[in-house]
Amino acid sequence: MNNSKGKTVSEKQSRTSAVCHALRPFGTSIFTEMTALAQRSGALNLSQGFPDFEGPIDIRRTAAEAILRGPNQYVSSIGIAPLRQAIADKMSRFYNVTVDPNTQVTVTAGATEALAATLLGLLNPGDEVILLEPCYDAYPPIIARAGARAVYVSMSVPDFDLDTSALARAFNARTKAIVINNPHNPSGKVFTERELAIIADLCASHNVVAIGDEVYEHILYDGRKHTTLLAVPGLEDRSIVISSTAKTFSTTGWKIGYGVASPDLSQAVRMSHQFLTFCTPGALQEAMAGAIGMADAYYEDLTASYTAKRQKLLSALDEMGLTVLWPKGTYYASIDINDLGFEDDLEMCRFLATQVGVAAVPASFFWKDRSNGKNLVRLCFCKTDDTIDAAIERLKRWKR
Ligand code: PMP
Ligand code: GLN
């Protein structure tokens, strides 16, 4: 519709946006954009990181039965007791970390809300938060909304080693927190013990909170084992570890996440969580309480399954002559598109979705300055073997 000055209503609205100043620079999430493009193009969706298969039937049955049985009302804001206990048991079972489920565990609407609750509960205007680039898209907008400032430290392609001197320079009297995403999306990096020890020293000497985004804690390759920030000497009382049941149990739509921290830091998470969502669905929490306690065989099968999927997709990409960055953890891999003749990663992703029939994520969206990541395209392999095979066929046809 045109108004008197010849501008469409939507153009006019975008100039006088209702969106607050802090969020205006951010736009629509690249995952929403690429999944929409995949749907419009009929492409196989290797962009947004969600499985195209269902999580374990027993978990879904428990949730369904709980919904039918009821009650279907609000539950405790901090999470139902059996789930908080299961999370505490898990911290002990996998990481030898003892936490009190009553004062140290808070259940949230996915890791996304746990991150928001943590940052909003912790930050004051003028505080600084160190982010390691490339970085997941959920951190910067919330930091901006809290009136704080994100300070970026780059990890360079293709190894994503942490430049510890640059990191040390980023810490100052205004630094309130640092976010460590480990295993790391999109690079697949797993932080070394040495890197974690250096981070711990810096946090201790500058009185900084370490926020661990550990949603891929159970998806590591080649025999690697996850180290949670809460197990790093010096970080026991100064870290907030955030995770989610989304990836581990292939139920990304359920949004059951949590934060684990000292009672004092948990108070900051809980204070904002109660006003963001108050609580998350009790039936789904009940199902996850059982899921987390499953036998070791479940976790071993998860690793084995993603190891096979990683091998299937990435060795095929290797054989096509593509330069593949093999991940050490997560279910993402990137290809270096430098020699492929595209202007940048976004152009290639548009081409892949519309002409090849395979959707991917332009990795530059994980950088503040997109020119730093414009040579990388991220593909996810949390898909059935049939989907992966079909994607390989389409990519091969294109490469020929
Ligand atoms: N952090 C990272 C690094 C992620 O990749 C994701 C997406 N799965 C999340 C947080 C959000 O997790 P959730 O779906 O539980 O909100
Ligand atoms: N974590 C998912 C990814 O990296 C996206 C989740 C989301 O869309 N918020 O692809």
Side-chain angles (χ1 to χ4, degrees), residues 26-39 45-52 55 79 83 87 106-119 131-143 155 160 179-191 211-220 226 229 240-260 269 273 276-277 280-281 284-285 288 291-292 306 327-334 349 359-367 373 376-383:
F26 293 101
T28 304
S29 144
I30 190 63
F31 308 116
T32 301
E33 297 271 9
M34 296 320 293
T35 284
L37 178 61
Q39 285 166 350
N45 191 359
L46 306 197
S47 67
Q48 192 176 20
F50 62 87
D52 66 347
L83 178 54
I87 292 164
T106 310
V107 177
T108 57
T112 308
E113 196 229 338
L115 285 159
T118 295
L119 292 165
L131 298 179
L132 307 179
E133 264 192 325
C135 107
Y136 186 60
D137 73 343
Y139 318 144
I142 303 294
I143 293 168
M155 302 190 292
F160 300 97
V179 182
I180 317 291
N181 173 208
N182 185 31
H184 183 266
N185 178 11
S187 71
K189 172 187 173 70
V190 171
F191 285 78
I211 301 170
D213 177 349
E214 305 186 357
V215 301
Y216 301 99
E217 64 186 313
H218 294 295
I219 307 177
L220 280 80
H226 177 64
L229 288 189
I240 301 177
V241 165
I242 288 164
S243 193
S244 171
T245 54
K247 322 290 165 179
T248 306
F249 302 105
S250 305
T251 47
T252 59
W254 283 20
K255 303 298 292 187
I256 302 292
Y258 51 90
V260 183
V269 179
H273 161 71
L276 286 170
T277 55
T280 49
L284 305 185
Q285 291 193 44
M288 282 309 171
I292 292 175
Y306 279 127
K328 298 184 168 83
T330 77
Y331 47 47
Y332 307 105
S334 292
C349 286
V361 167
S364 61
F365 283 81
F366 288 78
W367 272 265
L376 293 182
V377 161
R378 190 198 81 172
L379 295 154
C380 68
F381 49 86
C382 47
K383 304 292 165 180

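Both counts, for ligands and for their atoms, begin at 1 and track the order of listing.
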Parallel, tilted or perpendicular: ring planes of His184 versus Phe160, cut at 30 and 60 degrees:
tilted
Which of the numbered atoms in ligand 1 are below 4.0 angstrom from a heavy atom of Gly110?
15 (O), 16 (O)
Going by the atom numbers of ligand 1, which of them fall below 4.0 Å from some non-hydrogen atom of Asn181?
3 (C)
Evaluate Phe366 for polar contact with ligand 2, using N/O atom pairs at a separation under 3.5 Å.
no
For [X] and ligand 2, answer yes if some heavy atom of the residue is under 4.0 Å from a ligand atom, otherwise no.
X      : result
Lys247 : yes
Phe365 : no
Phe50  : no

Any heavy atom of Glu113 sitting closer than 4.0 Å to ligand 1?
no
Does ligand 1 have any atom that is closer than 4.0 Å to a heavy atom of Tyr216?
yes
Under 3.5 Å between some N or O of ligand 1 and some N or O of [X]?
X      : value
Lys255 : yes
Tyr332 : no
Tyr139 : no
Ala111 : yes

Is [X] reaching over with its side chain to a backbone N or O of [Y], donor-acceptor style, under 3.5 angstrom?
X      : Y      : answer
Tyr331 : Tyr306 : no
Glu217 : His226 : no
Ser243 : Glu214 : yes
Glu113 : Lys255 : no
Asn181 : Asp213 : yes
Ser244 : Val215 : no
Arg378 : Ala360 : no

Proximal atoms of ligand 2 relative to [X] (non-hydrogen, under 4.0 Å):
X      : value
Gly49  : 2 (C), 3 (C), 10 (O)
Tyr136 : 1 (N), 4 (O), 5 (C), 6 (C), 7 (C), 9 (N)
Tyr216 : 1 (N)

Just heavy atoms, cut-off under 4.0 Å: does Asn185 contact ligand 2 by side chain, backbone, both, or neither?
side chain
Determine whether the side chain, the backbone, both or neither of Arg378 has a heavy atom under 4.0 Å from any heavy atom of ligand 2.
side chain
Quick one: nearest non-hydrogen protein atom to [atom], plus distance?
atom                    : value
atom 3 (C) of ligand 2  : Tyr332 OH, 3.2 Å
atom 8 (N) of ligand 1  : Lys247 NZ, 1.9 Å
atom 11 (C) of ligand 1 : Thr112 OG1, 3.3 Å
atom 8 (O) of ligand 2  : Gln48 NE2, 2.6 Å
atom 15 (O) of ligand 1 : Ser244 OG, 2.6 Å

What pair of heavy atoms forms the shortest contact from Gly188 to Pro327, and how long is it?
CA-CB, 3.7 Å
Take Ile180 and Phe191 through the side-chain contact (heavy atoms from CB on, under 4.5 Å) test and state the conclusion after the steps.
CA-CA 9 Å; Ile180 317 291; Phe191 285 78; 4.0 Å; yes
side-chain contact (heavy atoms from CB on, under 4.5 Å), that's the test. Do Thr118 and Thr108 meet it? Break it down for me.
CA-CA 10 Å; Thr118 295; Thr108 57; over 6 Å; no
Stepwise side-chain contact (heavy atoms from CB on, under 4.5 Å) test for Tyr332 and Cys380:
CA-CA 4 Å; Tyr332 307 105; Cys380 68; 3.6 Å; yes
Lys247 to Phe50, cation-pi by 6.0 Å centre distance and 45° axis angle
no
Contact region, Asn185 to ligand 1, non-hydrogen atoms below 4.0 Å, reads side chain
Taking it one step at a time, do Trp254 and Met288 satisfy side-chain contact (heavy atoms from CB on, under 4.5 Å)?
CA-CA 10 Å; Trp254 283 20; Met288 282 309 171; 3.5 Å; yes
Out of Asp213, Thr252, Thr330, indicate the one that has the non-hydrogen atom closest to atom 2 (C) of ligand 1.
Asp213
